[in-house]
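The block underneath contains the structure these notes are about, expressed in structure tokens.
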2 protein chains.
Amino acid sequence: MSGRKTNSRAKILAAAADVAREFGPGSVSLEAVASRAGVSKGGLLYYFPSKARLMQALVEHYLAEFRSSLSQAQAGGETLLTAFIKRAAAECREKQPASRSWIFSAISQDPDFLSPLRSFHQQLFANLKEDNSDLTAVLICYLAIEGLRSMNLFDFDILSTEERELLVASLLEIAQGKR
Amino acid sequence: MSGRKTNSRAKILAAAADVAREFGPGSVSLEAVASRAGVSKGGLLYYFPSKARLMQALVEHYLAEFRSSLSQAQAGGETLLTAFIKRAAAECREKQPASRSWIFSAISQDPDFLSPLRSFHQQLFANLKEDNSDLTAVLICYLAIEGLRSMNLFDFDILSTEERELLVASLLEIAQGKR
DNA sequence: CTTACTGTACCGGCTGGACGGTCTTGTCAA
DNA sequence: TTGACAAGACCGTCCAGCCGGTACAGTAAG
């Protein structure tokens with residue numbers, strides 16, 4: 001077929017996420033991912049020499065995306081905290097539910113795959129505290145957003161759209177010290 | 001009926017949670033759980049005729065515990081919201097980190113195992129709204145607590161003890177309309 | 001000739017589950 | 001009181017199936 005400039009790598013990563021979302025995290029096998037990506041098993045293993053590498057790449061890819069979209073939001077002259085809130089809200093709006101189910105596959109494979117995520121969050125939280133003198137506001141906003149993201153991850157559609165927007169608006173007020 | 005004093009069922013459930021926490025959610029196999037519980041594989045299968053049943057029981061057991069401790073906290077004449085906050089805070093203090101890792105095993109096995117949890121949370125949130133007229137306060141407190149629980153679940157020890165206590169104190173103030 | 005794959009075939013390991021057997025316990029007729 | 005017996009509470013083994021990973025031969029594009 002097409003031999004050149006293929007972005008099979010990206011396709012495979014997307015396929016892994018799709019399989020996890022559609023068929024459940026337990027269904028993420030090399031075969032399933034390969035067939036979903038329109039690639040043979042051999043082709044998959046050409047890019048990711050082991051399942052562990054695939055999972056690792058999944059985490060790293062997500063983290064890179066997260067980072068870039070955060071700094072992009074921050075480039076508009078916003079505070080880190082408001083950028084974080086807005087970005088999370090946008091994610092909840094745009095992405096389909098359970099779009100991060102692959103995380104469960106990764107944890108099942110090896111919980112250590114989360115450590116990059118952990119250290120990222122640690123640093124993010126540290127930066128948030130540095131950036132905003134009101135520790136209470138940082139705590140409330142950060143945890144509430146993580147709660148929102150958690151709901152999204154587990155596909156708990158508990159909040160209505162209006163409630164979510166109300167929450168985000170309230171958090172933005174708190175973040176700006178207007179409470 | 002039989003006369004054997006049997007707490008094997010409870011032991012097996014605890015063992016499953018222990019295996020998930022110590023060796024990772026991917027290591028929860030019937031054999032591993034059985035050996036951890038001091039029971040043979042056949043014995044395990046006697047109590048839980050399939051792995052799916054084990055997972056289901058795990059969810060139900062957790063839910064029953066959650067419910068009872070919530071209503072117990074509420075029996076002291078507290079609001080549902082404050083009871084929820086205090087209970088979650090206590091859980092973070094007492095339980096060892098990642099003590100709910102078995103959830104990941106259940107999701108990997110079949111995401112539908114979460115639906116009892118989902119409907120419980122839906123009802124809990126509905127009750128919270130009914131009980132407290134300040135929707136914003138309910139939203140913030142509920143989501144922030146869920147964020148805290150999420151941190152605990154993923155074993156992200158991002159907050160110091162003081163920060164956590166500060167957060168809880170702030171949330172309790174918000175819950176009581178003292179903000 | 002190299003790169004970037006495809007496709008097939010295969011292997012060893014592990015897992016869930018079935019099955020048959022064994023020991024223990026409570027029941028009840030004699 | 002006893003002793004037979006059914007039922008309960010396990011144990012140990014076996015097996016089919018899937019999964020990750022390897023090996024390798026082939027192929028089409030650049």
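Below, read A as the first sequence line, B as the second, and so on, with proteins coming before strands; counting in each chain starts at 1.
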**Message:** If I take atom NZ in residue A:K51 and atom P in nucleotide D:dC18, what distance separates them, rounded to the nearest angstrom?
**Reply:** 15 Å
**Message:** In this structure, how many angstroms lie between the P atom of C:dA4 and the CG atom of A:N7, rounded?
**Reply:** 14 Å
**Asked** Where is the tightest heavy-atom contact between B:V28 and B:A16, given as atom of each residue plus distance?
**Response** CG2-O, 4.2 Å
**Prompt:** To the nearest angstrom, how far is B:E31 atom CD from C:dG16 atom C1'?
**Reply:** 10 Å
**For B:F23 against B:S27, the heavy-atom pair lying closest together** = O-OG, 2.8 Å
**Asked** Taking OP1 and OP2 of D:dC10, is either one under 4.0 Å from a side-chain nitrogen or oxygen of B:Y46?
**Response** no
**Rounded distance (Å) that lies between atom P of D:dC19 and atom CD of A:Q109** = 14 Å
**Prompt:** Can you name the residues that form a ring pair (Phe, Tyr, Trp, His ring centres under 6.0 Å) with A:F113, not counting sequence neighbours?
**Reply:** none
**Message:** Rounding to an integer number of Å, can you tell me how far A:L30 CG sits from C:dT8 P?
**Reply:** 17 Å
**Complete:** Nearest heavy-atom approach of B:R9 to B:Y47 is CG-CD2, 3.9 Å
**Prompt:** Excluding sequence neighbours, so at least two apart, what forms ring pair (Phe, Tyr, Trp, His ring centres under 6.0 Å) with A:F84?
**Reply:** A:Y142
**Request:** In whole angstrom, give the distance that lies between atom NZ of B:K11 and atom C1' of D:dA9.
**Result:** 13 Å
**Request:** Using a cut-off of strictly less than 4.0 Å between a heavy atom of the residue and any atom of DNA chain D, enumerate the qualifying residues of residues 13-29 of chain A by number.
**Result:** A:V28, A:S29
**Request:** Taking all non-hydrogen atoms of both residues into account, name the closest pair between B:I158 and B:E163 and its distance.
**Result:** O-OE1, 4.0 Å
**Message:** Applying ring pair (Phe, Tyr, Trp, His ring centres under 6.0 Å), can you list everything that pairs with A:F120, at least two apart in sequence or on another chain?
**Reply:** A:F66
**Asked** For B:L45 and D:dC14, what is the distance between atoms CG and C1' respectively, to the nearest whole Å?
**Response** 14 Å
**Message:** Quick check on A:K11: does its NZ atom have over 12 non-hydrogen neighbours (other residues, nucleotides or ligands) under 6.0 Å away?
**Reply:** no
Polar pairs (N or O, both sides) under 3.5 Å between protein and nucleotides 11-13 of chain D?
{"residue": "D:dC11", "atom": "OP2", "partner": "B:S40", "partner atom": "N", "Å": "2.3"}
{"residue": "D:dC11", "atom": "OP2", "partner": "B:S40", "partner atom": "OG", "Å": "2.6"}
{"residue": "D:dC11", "atom": "O5'", "partner": "B:S40", "partner atom": "OG", "Å": "3.2"}

**Prompt:** Residues in salt bridge (charged side-chain N to carboxylate O under 4.0 Å, His left out) with B:E65, at least two apart?
**Reply:** B:K95
